[in-house]
Undergrad: 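Attaching a single structure in structure tokens format; questions to follow.
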Amino acid sequence: MKFGIYGREFKSLVDRIGGIVPKRTALPTLETVKISAHDNMVEFQATDMTDYATIITYANVYEDGAVWVYLSDLKKALAITDDLTITAEHGKLDIRSAKKSYEIPCHDDYEDTWATFPVIDNNNILCRQMDNEFLKHLSVIDCARSTESSNMIMTGFYLDLINQKLVALDGYRIGIAKLHGMFVPNSPSLILNGSVYTCLKSLIGKSKEKYIEIYADKKHVKFVGEDFEYISRLMDGNYFDYKKLVEPAIENSEYTYKVNPKELFKISKEYSKVISSDNKLPMIIYNVNGSVATGVQVQNYRTSDVLESVECEHGMSHEWHVGVNPRFIVDACAAFKDEAEIKGNYNYKNPIMLIDETYEFLILPVNINDVDVEFVKRQVA
């Protein structure tokens, strides 16, 4: 195998495909990248047996072939940014520019021990999305995805193609992103592995508004981008009916306040620093004089803040309060731009909603039995 390629392009390919290569595996061949050259194209492939990725780029191919190279060895040659000539011969991969050269081990006999990539029919398209927008949605709601393996379904994302939403939850909150783009009617909804986010983040890189097309069969989902194809195994089982919680929380809300998410983010972040990670005490969100206030009580420390930019839509005449984890408020407000709504019920045992035009977060309340709520409220009385 022999081909010529720009050094910066080579580095980009290695960096992007490197996000798929597993760091620890019982099968050492999975720590390699397959490099194939043919028809003036070079393919970089990697897999961990759950995720499968192929990146294709144009190159000057002088001799067809394929070899497997350990990612750790490939990274040794990333310092070369000049034009490269890469030659595989006699178990060595020679990476050479006009000024520098590296020689690293390669293998041409891993075909039998490496993975067979799944094949998904390109005729069965489900939807088309802008790649950077879809990646942002994954990034925003990833905070609501569970990292505990006790319930595997909650470690994934739910691609609800019927309602055109992307969902994540962890048993304490639900994060929802509203999707835009082309959708094929009656397409099945999919439960995506949590690794889809990190893999797509690596593969998309710094793309500027390119389309990705999404295909699926019964076992796998496929994302096709401008220069890559990424296949991920779907999760088995039935996802939680998140709509049973979210829709009543919005439709039956007894109060709605428009707030500045940046202001609420700043206050909640300060509270999260005060409340240690092993302390279950919440921050209190409540209404006061037609506005929204927040407070926290930790041992002998008590403080409250009234939000300055607040507009009450309805529910001003009735007192209400709710206890929540301030870190959940921080995560939600980080997704919003200039304005967000807080919706809820007068019963402090009900969840609250933080929403804007694109994102919705349902947050379950925290037990406030150990908090002197009235004392916290009096801090701004």
Side-chain angles (χ1 to χ4, degrees), residues 124 126-127 129 134 136-197 214-221 223 232-256 322-325 327-329 331-332 335-336 340-367:
N124 189 23
L126 303 181
C127 68
Q129 298 284 303
F134 189 76
K136 181 185 177 183
H137 293 336
L138 288 169
S139 172
V140 166
I141 69 170
D142 185 60
C143 63
R145 183 176 61 85
S146 176
T147 57
E148 299 177 4
S149 58
S150 56
N151 193 324
M152 289 301 297
I153 289 291
M154 291 197 295
T155 66
F157 297 97
Y158 185 52
L159 182 56
D160 184 354
L161 293 174
I162 296 173
N163 296 288
Q164 300 177 11
K165 292 181 178 181
L166 189 65
V167 184
L169 53 81
D170 61 4
Y172 306 99
R173 54 183 162 170
I174 302 173
I176 302 170
K178 300 174 186 176
L179 302 176
H180 304 280
M182 185 279 287
F183 296 86
V184 175
N186 303 316
S187 293
S189 295
L190 310 171
I191 306 177
L192 310 178
N193 266 290
S195 57
V196 163
Y197 168 48
I214 302 177
Y215 305 81
D217 59 17
K218 292 182 178 180
K219 293 185 177 181
H220 297 89
V221 60
F223 299 83
S232 178
R233 187 185 304 158
L234 293 170
M235 301 185 75
D236 296 324
N238 297 315
Y239 203 75
F240 301 94
D241 190 354
Y242 68 95
K243 299 186 296 299
K244 285 186 176 180
L245 276 176
V246 173
E247 290 178 356
I250 295 177
E251 295 171 2
N252 302 328
S253 62
E254 295 175 314
Y255 61 81
T256 301
V322 63
V324 293
N325 186 326
R327 295 173 187 84
F328 294 173
I329 304 296
D331 291 338
F336 304 137
E341 290 183 348
I342 297 178
K343 291 179 175 287
N345 294 93
Y346 299 140
N347 187 339
Y348 66 88
K349 295 181 180 180
N350 287 343
I352 63 167
M353 293 288 303
L354 273 72
I355 65 176
D356 72 354
E357 294 179 352
T358 305
Y359 300 106
E360 301 174 351
F361 285 87
L362 180 144
I363 300 174
L364 296 180
V366 178
N367 191 318

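Just so you know, these numbers come straight off a predicted model, no measurement behind them.
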Undergrad: At their closest point, which heavy atom of Leu364 faces which heavy atom of Pro351, and how far apart are they?
TA: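 Closest pair (atom of Leu364, atom of Pro351, distance): CD2-CB, 3.9 Å.
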Undergrad: Does OH in Tyr255 sit with more than 12 non-hydrogen atoms of other residues, nucleotides or ligands closer than 6.0 Å?
TA: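 Buried by this count: over 12 neighbours within 6.0 Å.
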Undergrad: Identify whether the distance between the nearest side-chain nitrogen and carboxylate oxygen of Asp217 and Lys219 falls below 4.0 Å.
TA: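 A salt bridge is absent here (no side-chain N lies under 4.0 Å from a carboxylate O).
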Undergrad: By side-chain hydrogen bond (donor to acceptor under 3.5 Å, both in side chains), which residues pair with Asp170, not counting sequence neighbours?
TA: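 With neighbours one apart ignored, the set is Arg173.
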Undergrad: Any chance you could measure Tyr158, atom OH, to Met235, atom CE, to the nearest 0.5 Å?
TA: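 Interatomic distance, Tyr158 OH to Met235 CE, rounded to 0.5 Å: 13.5 Å.
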Undergrad: To the nearest 0.5 Å, what is the distance between CE on Met353 and CD1 on Ile250?
TA: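 Reported to 0.5 Å precision, the distance equals 4.0 Å.
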Undergrad: To check you understand the geometry: which heavy-atom pair defines the closest contact between Leu362 and Ala249, and what is its length?
TA: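 Residues Leu362 and Ala249, closest heavy atoms: CD1-CB, 4.0 Å.
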Undergrad: Measure the CD-CG distance between Gln129 and Leu126 for me, rounded to the nearest 0.5 Å.
TA: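 Spacing of CD (Gln129) from CG (Leu126) equals 11.0 Å.
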Undergrad: Consider only side-chain N and O atoms of Lys178 and Thr358, and report whether a donor and an acceptor are under 3.5 Å apart.
TA: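 No pair is found: no donor N or O on one side chain lies under 3.5 Å from an acceptor on the other.
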Undergrad: Side chains of Val167 and Ile174: closer than 4.5 Å at any heavy-atom pair?
TA: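 Val167 reaches Ile174 side chain to side chain.
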Undergrad: If you look at every heavy atom in Glu254 and Tyr346, which pair is closest and at what distance?
TA: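 Smallest interatomic distance, heavy atoms only, reads OE1-N, 2.7 Å.
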Undergrad: Rounded to the nearest 0.5 Å, what's the gap from CD on Glu360 to CD1 on Ile355? Could you check?
TA: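 Between Glu360 CD and Ile355 CD1, I get 6.0 Å after rounding to 0.5 Å.
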Undergrad: For side chain to side chain contact (heavy atoms under 4.5 Å, CB included), just list the numbers for Phe240 and Asn151, CA-CA rounded to whole Å, side-chain angles, deciding distance to a tenth of an Å, and then say yes or no.
TA: CA-CA 11 Å; Phe240 301 94; Asn151 193 324; 3.6 Å; yes
Undergrad: If we only count heavy atoms from C-beta on, is the Leu159 to Leu179 side-chain gap below 4.5 Å?
TA: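 Answer yes - side chains close enough.
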Undergrad: Quick check on Asp236: does its CG atom have over 12 non-hydrogen neighbours (other residues, nucleotides or ligands) under 6.0 Å away?
TA: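 Not buried by this count: 12 neighbours or fewer within 6.0 Å.
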Undergrad: What heavy-atom pair brings Phe157 and Ala168 nearest, and what distance separates the two atoms?
TA: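 Where Phe157 meets Ala168 most closely, the heavy atoms are CD2-CB, 4.1 Å.
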Undergrad: In the structure I gave you, are the side-chain heavy atoms of Val196 and Phe223 within less than 4.5 Å of one another anywhere?
TA: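 Yes; the side chains approach each other to less than 4.5 Å.
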Undergrad: Side-chain contact test, heavy atoms from C-beta onward, threshold under 4.5 Å: evaluate it for Tyr242 versus Ile176 and give yes or no.
TA: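 Side-chain contact under 4.5 Å: yes.
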Undergrad: Mind listing the closest non-hydrogen atom pair of Tyr239 and Gly156 along with its distance?
TA: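 Closest heavy-atom pair between Tyr239 and Gly156: OH-O, 4.3 Å.
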Undergrad: Considering all heavy atoms of both residues, which atom of Leu354 and which atom of Ala332 are nearest to each other, and what is their separation?
TA: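 The answer is CD2-CB, 4.1 Å.
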Undergrad: Taking the ring centre of each residue, are Tyr359 and His137 less than 6.0 Å apart?
TA: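 They qualify: ring centres under 6.0 Å apart.
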Undergrad: Does Asn345 reach the main-chain N or O of Asn252 with its side chain, forming a donor-acceptor pair under 3.5 Å?
TA: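 Checked: pair present.
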Undergrad: Judged by atom type as modelled, is there a donor-acceptor pair below 3.5 Å linking the side chain of Arg145 to the main-chain atoms of Thr155?
TA: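 Side chain of Arg145 to backbone of Thr155, a donor-acceptor pair under 3.5 Å: yes, one is there.
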Undergrad: Using atom types as modelled, flag every donor-acceptor pair under 3.5 Å from a side chain in residues 181-191 to any protein atom, sequence neighbours excluded.
TA:
from, atom 1, to, atom 2, distance (Å)
Ser187, OG, Val184, O, 2.7
Ser189, OG, Asp160, OD1, 3.3
Ser189, OG, Leu161, N, 3.2

Undergrad: Just so I know, are the side chains of Asn325 and Ile363 near enough to count as touching, which here means a heavy-atom distance under 4.5 Å?
TA: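 Side chain of Asn325 against side chain of Ile363, heavy atoms only: no contact under 4.5 Å found.
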Undergrad: Can you list everything that forms a ring pair (Phe, Tyr, Trp, His ring centres under 6.0 Å) with Tyr197? Sequence neighbours excluded, please.
TA: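 With sequence neighbours excluded, Tyr197 shows a ring pair (Phe, Tyr, Trp, His ring centres under 6.0 Å) to no residue whatsoever.
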Undergrad: Within a strict 4.5 Å, meaning less than it, do heavy atoms of the Cys143 and Phe361 side chains meet?
TA: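 When only atoms from C-beta onward are counted, Phe361 and Cys143 do touch, with a gap below 4.5 Å.
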Undergrad: Are Leu192 and Leu234 side-chain neighbours, meaning at least one heavy-atom pair lies under 4.5 Å?
TA: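 Counting from C-beta outward, Leu192 and Leu234 do come under 4.5 Å.
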